[in-house]
Number of protein chains: 2
Amino acid sequence: MTIHQQPPPRATMREVATAAGVSLKTVSRVVNGEPGVREAVRRKVEAVVEDLGYRHHRGASDLRRGGQRTRAIGVLVQDIANDYSARLLRSLEDATRERGFVLLTASLDEDADRERQLVAEMIARRVDGLVLMAASERQDYLAADVRAGLPVVCVDRVPRGLAVDCVTIDNTGGTRAGTEHLLRHGHRRIAFLGDLPTIPTARERLEGWRQALTAAGLEADPALVRDGLRTVGAARDALLELLRLPDPPTAVFAARNVLTVGCLHALREELPGPQPEVVGFDDVELMDLLEPRTTVVRQDVEAVGRAAAELLERRLAAHGGPVQHVVVPAELVVR
Amino acid sequence: MTIHQQPPPRATMREVATAAGVSLKTVSRVVNGEPGVREAVRRKVEAVVEDLGYRHHRGASDLRRGGQRTRAIGVLVQDIANDYSARLLRSLEDATRERGFVLLTASLDEDADRERQLVAEMIARRVDGLVLMAASERQDYLAADVRAGLPVVCVDRVPRGLAVDCVTIDNTGGTRAGTEHLLRHGHRRIAFLGDLPTIPTARERLEGWRQALTAAGLEADPALVRDGLRTVGAARDALLELLRLPDPPTAVFAARNVLTVGCLHALREELPGPQPEVVGFDDVELMDLLEPRTTVVRQDVEAVGRAAAELLERRLAAHGGPVQHVVVPAELVVR
DNA sequence: TTGAAAGCGGTACCAA
DNA sequence: TTGGTACCGCTTTCAA
């Protein structure tokens, strides 16, 4: 017979108080480092705390203090396993750690339902604020909570239907710069590989490509656009397909790190014509060591995280004030 | 003059009850989807909930339910921005999401003090369990909490001074396999680049290198070992230095992803002699496209996450039972 | 310096 | 089907 011995429940303040022969309130004072306790009493209580393995219960404490301050921030990103999301998370962690914040994190996978569900979960847990890399088209479902004082900062994507602070990369400008780089190299037929067109960021990058071509007096040929690409394999296949066109591109702009990797894989295949030049959005480790050299538009993810943390803390300190939109410039890294 | 208008506090169940003209308990029933409420009343309450923007307060609920179930898991990894940690996190997320768990995440940066501080923080927040990629040498400071029923699973590193479940990679075996691969290629002087020797994982990998050499009847020359390496640059410099030895290595085993990248950078430099063959622990994206082809020991991070989640849930369901140690095999990917 | 009692936002038990 | 009351673990107020 297996007996599942329930471990003894954790000691509470009351138990510490009883064991130390003092009142509950005195224990509270000691645990919170408040003054007004005789040194001898304080020592006695601390000994019992140690002895009973007492651990402060933040939930109960927060509840009683009432002030809606859990010192937790909810962070919803696309995919924690993706380098971009992971680095953003890390930079948020660094920017908030010293003030004692803890991060509740989750991945959305471009799923709007998951976003709403997780946002609700975070709110139920009374996070002090929310950093959101939205998967949904519109975030108006958050309006009531924002009105109720929940600080929200959208990152990477501009909020729609909701007036909150946000931090984005200059997607259009970055893509334009990358495309112009290819134009300067004499390319006239430049393909574009993009993510789901439902993602604002993806649309902005497509727009940058279009702007660069138009400004150069070229037609933005729709036949050279492949979007809705989400994986390395899809990008690879798309590029190979483009190269088999009657009038194939001589260069390609890959609008996301995963897609750039896909292009580089495609270049290893038997190509029907000359090797196209690749420029990608997002730098990827080791790419600087690869032949052919691939120029990239690099985003300063750490700056995005820092800015988001700053905006959040400002709202945390004082609700109100106009909504802010920080645009972090993208840098062209020519290789 | 700036007025910081405090937003109205969130509506409570009591307020919903008053507004709906029912008792507090009835609202609780509706919110929790409990039976025993007339359809008309339920609808009325739901309307008021919507109207007042009521949001359930999990903290208060958990407190009253008492059962120590916050449905939150604390995950402490080395560095969220590192690919390995990020993928582990993601696989833990996937494995626990369906059961409604939320992840509290933080990076330790090999800092034992930070580990203790963050563990305390997690416990104060009453996480249901802890996944720990330890930075500390010994985890005995957790003994009281484990005895009190806190499920802890150590990942990547075997716990010391604490009897808890753990999931590790076969570091020694993986490194041995990688080193044997180099021996088969005829190499006799094989260098080893490793992380801080205080990290058990790093020591195990060094041991694998040693075992392979000894088994081949060779001396494990300490002059060919460089450890304490933490960055790409440090690994690069270390390899270049080794290659300038009077009797330089003809091959090198890099014991971590960052160090392998460093080696690949070194190969781009002006080398004093022939190019050494590199084998690395951890696969890195794009490495398969690089020349020279680099063989790697690949770890199944997702399997580690799944196993950790499984062990955790087992403890969550029923405390007790013998401590388990899952070893995930490492795979040699020959290129 | 110390403690008793009330209450934070909910849930459980039992009575109506 | 509904509601009153006690209470989860802690902090606050105020009195001793």
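The analysis underlying the following values was restricted to heavy atoms, covering all of them including side chains, and did not include hydrogens, waters or symmetry mates. Below, chains carry the letters A, B, ... as their sequence lines are ordered, and counting in each starts from 1. Not measured: the values here are computed from a predicted model.
Each of C:dT11, D:dG9, D:dT12 was ranked by its minimum atom distance to the side chain of B:S61; first place goes to C:dT11.
With a 4.5 Å cut-off on side-chain heavy atoms, B:V48 and B:K44 count as touching. The side-chain heavy atoms of B:V41 and B:R38, taken from C-beta on, include a pair separated by under 4.5 Å. Residues B:S85 and B:M133 are in side-chain contact: their nearest non-hydrogen atoms beyond the backbone lie under 4.5 Å apart. A 4.5 Å side-chain heavy-atom check between B:H56 and B:M13 finds at least one atom pair inside the cut-off.
C:dG9 atom C1' lies 12 Å from atom CZ of B:R65, rounded to whole Å. Distance CG (A:L24) to P (C:dG3): 10 Å, rounded to an integer number of Å. Taking atom NZ on B:K25 and atom P on D:dG4, their separation rounds to 13 Å, with Å as the unit. Distance CG (B:L63) to C1' (C:dC8): 9 Å, rounded to an integer number of Å. Atom C1' of nucleotide C:dC8 and atom CZ of A:R58 are separated by 15 Å, given to the nearest angstrom. Here the P atom of nucleotide C:dG10 and the NE2 atom of B:H56 are 7 Å apart, to the nearest Å. Taking atom CZ of residue B:R14 and atom P of nucleotide C:dT11, one finds them 13 Å apart after rounding to whole Å. Rounded to an integer number of Å, the gap from CG of B:D62 to P of C:dA12 is 11 Å.
Where B:G21 and B:R126 meet DNA chain D, the nucleotide closest to each residue was compared, and B:G21 sits on the side nearer the 5' end. Between B:R29 and B:N32, the residue whose closest nucleotide on DNA chain C is further toward the 5' end is B:N32.
Contact annotation: A:S28 does not reach the phosphate of D:dC10 (side-chain N/O to OP1 or OP2, under 4.0 Å). Distances shorter than 4.0 Å separate some side-chain N or O of A:S23 from OP1 or OP2 on C:dG3. Proximity of B:T26 to the phosphate of D:dT2: no side-chain N or O atom is located under 4.0 Å from OP1 or OP2.
Residues B:A135 and B:R157 approach most closely at CA-NH1, 4.0 Å, considering heavy atoms.
Looking at heavy-atom distances under 4.0 Å, B:V22 makes contact with sugar-phosphate atoms alone, never a base. Counting non-hydrogen atoms under 4.0 angstrom, B:R55 reaches the backbone sugars and phosphates but no base.
More than 12 heavy atoms of other residues, nucleotides or ligands sit less than 6.0 Å from atom CD of B:E39.
A donor-acceptor contact closer than 3.5 angstrom links the side chains of B:R65 and B:S61.
Of all the residues in residues 34-53 of chain A, not one reaches under 4.0 Å from DNA chain D with any non-hydrogen atom.
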